[in-house]
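Heavy atoms only: backbone and side chains are in, while hydrogens, waters and symmetry mates are out.
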Amino acid sequence: MDPQRKVVARQALLWSALSYIPLIAGVAWAFFAARHWPGSRGVFLAASGIMVGLAASSALFFPVVRQLPPTRLLMGLSLARYSYLSIWVGIALAAILAIAAIAIPQN
């Protein structure tokens with residue numbers, strides 16, 4: 001392996017390891033929210049936390065995805081553009097779920 005590929009591989013390993021931190025935090029939030037708030041509010045807040053964790057994890061891994069050649073397509077989009085759009089969709093979905101959790105009346 002040439003030195004530049006070694007550096008890229010080392011950075012990919014670092015970013016992939018760091019990207020698991022938000023996933024773990026999102027799952028921990030989901031357990032907390034589901035137990036702390038009864039009913040649908042807890043479920044919606046738990047799902048919102050998982051979506052935030054997924055979006056943050058994808059955002060941390062995004063520098064690695066940007067290094068991939070743009071010729072790799074997923075549903076007609078480059079992998080980097082697809083990842084970028086899915087991060088924003090995840091954040092928007094998390095916001096919608098959090099708003100729904102607050103707006104839905106509790107029994």
Side-chain angles (χ1 to χ4, degrees):
M1 236 195 218
D2 61 338
Q4 186 176 1
R5 284 190 128 189
K6 283 184 181 182
V7 169
V8 169
R10 197 172 309 127
Q11 287 176 346
L13 244 145
L14 172 69
W15 285 113
S16 61
L18 286 175
S19 71
Y20 281 101
I21 295 170
L23 286 177
I24 294 168
V27 171
W29 170 258
F31 281 119
F32 170 76
R35 290 186 179 165
H36 188 71
W37 290 284
S40 59
R41 178 170 288 172
V43 172
F44 282 134
L45 287 174
S48 176
I50 288 176
M51 291 306 300
V52 168
L54 285 171
S57 176
S58 296
L60 283 175
F61 195 70
F62 191 68
V64 174
V65 174
R66 282 194 350 220
Q67 298 296 324
L68 296 175
T71 56
R72 295 186 181 185
L73 298 178
L74 183 63
M75 295 190 320
L77 299 171
S78 70
L79 197 56
R81 182 167 300 275
Y82 180 80
S83 297
Y84 182 76
L85 289 174
S86 53
I87 289 168
W88 283 107
V89 167
I91 291 170
L93 186 58
I96 290 168
L97 287 168
I99 291 169
I102 294 168
I104 292 175
Q106 295 297 306
N107 297 337

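For the residue pair Ala12 and Phe61, the shortest heavy atom distance occurs at O-CE1, 4.4 Å.
For residues 87-101, the pairs satisfying side-chain hydrogen bond (donor to acceptor under 3.5 Å, both in side chains) are Tyr84-Trp88, with sequence neighbours left out. Listed by first then second residue, pairs satisfying ring pair (Phe, Tyr, Trp, His ring centres under 6.0 Å) with a partner in residues 13-32 read Trp29-Phe32, Trp29-Trp37, Phe32-His36, Phe32-Trp37, not counting sequence neighbours.
Residues that satisfy the side-chain contact (heavy atoms from CB on, under 4.5 Å) test with Leu14, not counting sequence neighbours, are Leu18.
Applying the under-4.5 Å side-chain rule to Ile, Leu, Val, Met, Phe, Trp and Tyr, the cluster around Ile24 consists of that residue alone. Under a 4.5 Å side-chain heavy-atom criterion applied to ILVMFWY residues, the cluster that includes Ile99 comprises that residue alone.
For the atom pair Ser58 OG and Ile87 CD1, the distance stands at 5.5 Å (nearest 0.5 Å).
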Donor-acceptor contacts under 3.5 Å from residues 42-57 side chains, at least two apart:
{"from": "Ser48", "atom 1": "OG", "to": "Ala94", "atom 2": "O", "distance (Å)": "2.9"}
{"from": "Ser57", "atom 1": "OG", "to": "Ser19", "atom 2": "O", "distance (Å)": "2.7"}

